[in-house]
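Labels below follow one simple rule: chain letters A, B, ... track the order of the sequence lines, proteins then strands, and each chain is numbered from 1. Small disclaimer: the values here were computed from a predicted structure and weren't measured.
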2 protein chains.
Amino acid sequence: MSSNHGVIWDRPERATRGPAPSLSREEITAAAIVLADTQGIEAVSMRTLAVQLGVGAASLYRYVDRKDELIDLMVDAVMGDDLQFEVRGDWRRVLRSFARGLRAMTLRHPWVAIHGAGRRNLGPNTAWRYEQVLGAIDGLGLEIDEMLVMVETLDAFIRGRALDELSEQESARRSGLNQEEWMQVQTPYVESLINSGHYPLLTRVVLDARSPHDPDRLEHSFDAGLERVLDGLATMLPD
Amino acid sequence: MSSNHGVIWDRPERATRGPAPSLSREEITAAAIVLADTQGIEAVSMRTLAVQLGVGAASLYRYVDRKDELIDLMVDAVMGDDLQFEVRGDWRRVLRSFARGLRAMTLRHPWVAIHGAGRRNLGPNTAWRYEQVLGAIDGLGLEIDEMLVMVETLDAFIRGRALDELSEQESARRSGLNQEEWMQVQTPYVESLINSGHYPLLTRVVLDARSPHDPDRLEHSFDAGLERVLDGLATMLPD
DNA sequence: GCAGACTGAGTACACTGTTCGCAATGAGTT
DNA sequence: AACTCATTGCGAACAGTGTACTCAGTCTGC
């Protein structure tokens, strides 16, 4: 049932004999995702999740070896259902669409920023997305290693951005304050930095920059950075 | 003593009256960093840290309001001591040096990848690094908002890369296996993906790519991606 | 029909961050 | 030198956590 196979992805969901399970991986995963999105990933405990599903906490271990596996399931699930992007068109169009889609999905499911990193968790949906993105830059005359660099670089940018964009609102949520209250707590310290006179450029950022007042600042900054990254990746293409 | 001020950075370390504290923030932070580097960030509990320092667990709360503050201290500490890069030379040289230095530091202190994200934790050392990097692209004819895009984009790439590079070895460590054992557990599943025939490009990555056999693969891939990102940022400069 | 593989879950263990209360301390004031 | 009392260290306790071990009861393939 469980530790027979090493990886959850090729472990049969249910045994051939014995009573039918009352839950499914999909049900459990879906409930966990709802819980994580509404209450934060740290609210996803085996006990609260079990309550949500109307079963005992220990029962969940019939479906999953460790909590980590549950989180792997969660990540791969949203990589399928919730990630949409345009796979047709020239490479730049596809990569741009993928980047925006992955960003948007990550903002809907903040826990993906951390737990979706790397090739660690190559569930079927994640593998398929990988395949699609590689497909967009296939046939452009690049070696497979160069294609890998392109994908990894773009992916790093997206994930890094998402992490940055989320860090503020996450730490606000964790401290129980709303974003404005949290910023007001921070203000006196930032002012003391400015008044010290040792940070002239940081001061310009705080005082002069227009972007902090832009409600869509983060998205605009993401889009601007994305185009620069795509510019850079374009230099890898032959002729 | 504690919750008088909102942010730890402008909260006085010790009071003017009463007995002298037997520890200092610096001592506590240093011990926590050693613990996190050797045993992983999740091994840093208030109790084990207190044992390491030869005090009671509750005593630590005389120096720090919440555990999060301790982690903020840790991040800012390594942003000072352990982060080295060349601040002289043209912008590209400085940014390249910064990127490599930050990557190297993050690999020495894996927990920074997650807990150092965003402008959330702007300790004095972090603020100073920010100032230095902004200094490298000051005077090139860019608006402050454009400078911000450059820094944020580069930062996102570095953090995203670090997260990807660490994810594998982190999940290996968490599962108690060494990296090779962990990869052998993964192998049968990857083979089943390949044999399914649905992932031709992924298959080429696994079978044809030279880079997986390169011991310095990750560093080379980082450097290659970094140059492309710098290429992209260069397009922002006037004329 | 029935062996026995399988499911559900109560209980327990070893942890976690954090709070409270209280004794001991020692610096500032008188 | 005596006295105050803010401050320190910390044992104990609280409300959680992930996970292992059991064991009774269930249902399926033969």
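- One atom, OH of Y63(A), and another, P of dG18(D), lie 18 Å apart when rounded to the nearest Å.
- Along DNA chain D, the nucleotide nearest to G56(B) and the one nearest to E42(A) differ in position, and the one closer to the 5' end is contacted by G56(B).
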Side chain to side chain donor-acceptor pair (under 3.5 Å) between R161(B) and T106(B), worked out: CA-CA 10 Å; R161(B) 281 290 320 190; T106(B) 306; over 6 Å; no
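- Listed pair S59(B) / dC10(D) meets the phosphate criterion, a side-chain N or O lying under 4.0 Å from OP1 or OP2.
- In the interface, the side chain of R47(A) is not paired with the base of dG16(D) through any donor and acceptor atom under 3.5 Å apart.
- Checking G54(B) against V44(A), the closest nucleotide of DNA chain D that is more toward the 5' end is the one next to G54(B).
- Atom CE of M46(A) is separated from atom P of dG8(C) by 13 Å (rounded to the nearest Å).
- For K67(B), the side-chain atoms get nearest to dG17(C) when compared with the rest of dG8(C), dC21(D), dG17(C).
- For the pair I28(A) CD1 and dA9(C) C1', the interatomic distance rounds to 14 Å; values are reported in whole Å.
- Projected onto DNA chain C by closest heavy-atom contact, A20(B) and A43(B) fall at different nucleotides, the more 5' of which corresponds to A43(B).
- The residue S45(B) sits close only to the backbone: its heavy atoms come under 4.0 Å of sugar-phosphate atoms, none of a base.
- Here dG9(D) presents its P atom at 7 Å from CG of L23(B), a figure rounded to the nearest Å.
- The cationic atom of R129(A) (NZ for Lys, CZ for Arg) does not lie both less than 6.0 Å from the six-membered ring centre of F98(A) and within 45° of the ring axis.
- Residue D65(A) contributes atom CG, which lies 13 Å from atom P of dC21(D) at whole-angstrom precision.
- E69(B) has its CD atom 15 Å from the P atom of dG17(C), to the nearest Å.
- Look at CG on L49(A): it is 11 Å from P on dT17(D), rounded to the nearest Å.
- Closest contact between the side chain of T48(B) and the listed nucleotides dG17(C), dT16(C), dT7(C) involves dT16(C).
- Comment: D164(A) engages R159(B) in a salt bridge, judged by a side-chain N to carboxylate O separation of less than 4.0 angstrom.
- More than 12 heavy atoms of other residues, nucleotides or ligands sit less than 6.0 Å from atom CD of E27(B).
- Backbone-only contact: R66(B) has heavy atoms under 4.0 Å from sugar-phosphate atoms and none from a base.
- Whole-Å rounding puts the R62(A) CZ to dG25(D) C1' distance at 13 Å.
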From CA spacing to verdict: salt bridge (Lys or Arg N to Asp or Glu O under 4.0 Å), E170(A), R120(B): CA-CA 9 Å; E170(A) 276 292 296; R120(B) 201 202 82 240; over 6 Å; no
